[in-house]
There are 2 protein chains.
Amino acid sequence: MARIIDEGKIQRIREATIELVVLNGYGGASISSIARRAGVAEGYLYRFYSSKQELVTQLLYTKVAQIIEKLESLLNSCARISEVMVQLIGELFKMAVDTPEEIKFIHVLMHDYNFQVSDEQRRHIKSLVDKVVKTGIENGEVSKLVSAEEAYGMVIIYPIEFINLRMKGFFGSAQWTDEEQKRVAEFSINALK
Amino acid sequence: MARIIDEGKIQRIREATIELVVLNGYGGASISSIARRAGVAEGYLYRFYSSKQELVTQLLYTKVAQIIEKLESLLNSCARISEVMVQLIGELFKMAVDTPEEIKFIHVLMHDYNFQVSDEQRRHIKSLVDKVVKTGIENGEVSKLVSAEEAYGMVIIYPIEFINLRMKGFFGSAQWTDEEQKRVAEFSINALK
DNA sequence: AATTAATGAATGATTGTTCATTCATATTCC
DNA sequence: GGAATATGAATGAACAATCATTCATTAATT
């Protein structure tokens with residue numbers, strides 16, 4: 001055998017890509033700037049990804065999958081939808097503190113017309129959101145009028161929008177208290193009533 | 001005097017820019033592709049805009065200003081916040097039908113970390129949203145717990161997100177009925193209660 | 001020595017921007 | 001009224017810089 005692949009390099013490529021896409025957009029994140037930031041040769045990433053598009057798409061899928069999995073496990077472990085939402089929103093805020101670039105990355109690309117989430121993931125999201133609505137109605141926590149889209153809007157989109165609005169400091173403050181985090185969950189839950 | 005400036009050309013540059021930014025993102029909308037689509041020489045846009053960045057920023061400001069002005073005039077003419085929201089959401093849906101690329105353009109850039117709305121516009125938005133909350137609380141239409149950010153979320157962000165989700169066909173359908181439009185307004189109003 | 005991880009120079013295409021040039025027309029002059 | 005002139009609208013070739021991608025080469029490991 002020859003030497004072992006340095007996983008640190010691949011990881012640094014991933015991190016650099018996320019940072020630079022957030023900073024400069026997809027078009028502004030060039031391969032050379034990614035390689036420079038990762039401390040790696042220019043063409044090295046082509047050993048693992050066939051193109052820049054695939055690299056970024058792959059990263060988006062992975063990050064979105066983490067959120068989907070979290071929602072899925074919460075739906076399996078919590079009886080009440082309010083509990084699911086409190087926990088999920090807690091997770092998103094945790095992500096915003098621990099790895100802010102990642103949530104910005106998701107935020108930027110999920111609004112880009114060139115980066116749709118995969119069909120499979122979309123179907124998965126839909127089925128989970130359907131379950132939120134179904135369980136919520138059964139529990140009396142969600143109005144019978146609420147659609148899957150509305151639930152998606154309040155469970156996923158609204159918290160992500162709130163976090164990114166704060167991170168941009170749109171209304172002044174660029175951080176938040178535990179109290180405000182609780183309030184985001186409370187607001188989302190209330191909107192579905 | 002020489003010949004008169006052909007406003008049609010400038011307009012075509014603006015339209016082509018909006019279309020191509022939506023289609024390919026800011027980085028993917030090249031000057032040459034914009035000029036080609038507008039049927040204009042490559043360097044011509046530099047007579048009116050000092051750079052590509054300024055061209056796009058300028059367009060974003062103009063489009064955002066239209067929405068701000070609409071909200072402002074509604075706040076001056078309507079006593080009830082529910083009426084303001086019904087009307088504003090109606091306007092956004094109208095925009096989505098008449099000039100879909102424009103609302104996609106706003107949607108894409110308002111989530112880009114390189115394109116913040118101007119400070120002046122941000123302050124303006126904040127003051128209008130504050131008025132929504134203040135009037136709403138006075139009328140008993142809005143809960144005392146509701147913050148400016150939450151109102152912004154439901155009055156501006158949520159409808160734009162809904163429209164773009166539909167335009168992407170995220171949950172299947174890529175259009176909407178009048179009934180669904182009413183429901184968006186109803187949902188937004190209810191969320192602030 | 002054999003293997004393969006990793007490099008980075010080289011590629012041709014494309015980028016945003018400039019500016020000398022061309023061309024259309026409003027004004028001036030006879 | 002019609003030709004000459006002046007003005008500036010509009011062009012598009014040319015620029016250096018940078019782009020994504022390739023691959024012959026080098027270096028590290030067993």
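Labels below follow one simple rule: chain letters A, B, ... track the order of the sequence lines, proteins then strands, and each chain is numbered from 1. When reading the values below, keep in mind they use all heavy atoms of this one structure, side chains included, and skip hydrogens, waters and symmetry mates. Computed from a predicted model, the values in this text were never measured in an experiment.
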Student: Can you check the B:K9 NZ to D:dG8 C1' distance for me, whole Å?
Tutor: 13 Å

Student: Measure from CZ on B:F48 to C1' on D:dT11 and round the result to the nearest Å.
Tutor: 13 Å

Student: What is the distance from CD1 of B:I5 to P of C:dA24, rounded to the nearest Å?
Tutor: 17 Å

Student: Polar-atom pairs under 3.5 Å, protein N or O versus N or O of nucleotides 14-17 of chain C: list them with distances, or write none.
Tutor:
residue : atom : partner : partner atom : Å
C:dT15  : OP1  : B:S30   : OG           : 3.2
C:dT15  : OP2  : B:S32   : OG           : 3.2
C:dG16  : OP1  : B:K52   : NZ           : 2.7
C:dG16  : OP2  : B:I31   : N            : 2.6
C:dT17  : OP2  : B:Y46   : OH           : 2.5
C:dT17  : OP2  : B:K52   : N            : 3.0
C:dT17  : O5'  : B:Y46   : OH           : 3.2
C:dT17  : O4   : B:E42   : OE1          : 3.4

Student: Going by side-chain contact (heavy atoms from CB on, under 4.5 Å), B:L45 matches just one of B:V40, B:I10, B:I31. Which one?
Tutor: B:I31

Student: Assess the side chains of B:Q87 and B:E83: does a donor N or O sit below 3.5 Å from an acceptor N or O?
Tutor: yes

Student: Tell me whether A:N139 contacts the main-chain N or O of A:A79 through its side chain, where contact means a donor paired with an acceptor under 3.5 Å.
Tutor: yes

Student: Expressed in angstrom and rounded to an integer, what is the separation of B:D6 atom CG from C:dA26 atom P?
Tutor: 13 Å

Student: B:I4 CD1 to C:dA26 C1': how many Å, rounded?
Tutor: 9 Å

Student: Taking CG from B:N24 and C1' from D:dA20, how many angstroms apart are they, rounded to a whole number?
Tutor: 16 Å

Student: Round to a whole Å and report the spacing from CD1 of A:I34 to P of C:dT7.
Tutor: 15 Å

Student: Rounding to an integer number of Å, can you tell me how far A:L20 CG sits from D:dT18 C1'?
Tutor: 15 Å

Student: Using the ring centroid of each side chain, check whether B:F187 and B:Y158 are separated by less than 6.0 Å.
Tutor: yes

Student: Ring-plane angle category for A:H107 and B:Y113, please: parallel below 30°, perpendicular beyond 60°, tilted otherwise.
Tutor: perpendicular

Student: Is any side-chain N of the basic residue among A:R80 and A:E141 closer than 4.0 Å to the acidic one's carboxylate O?
Tutor: yes

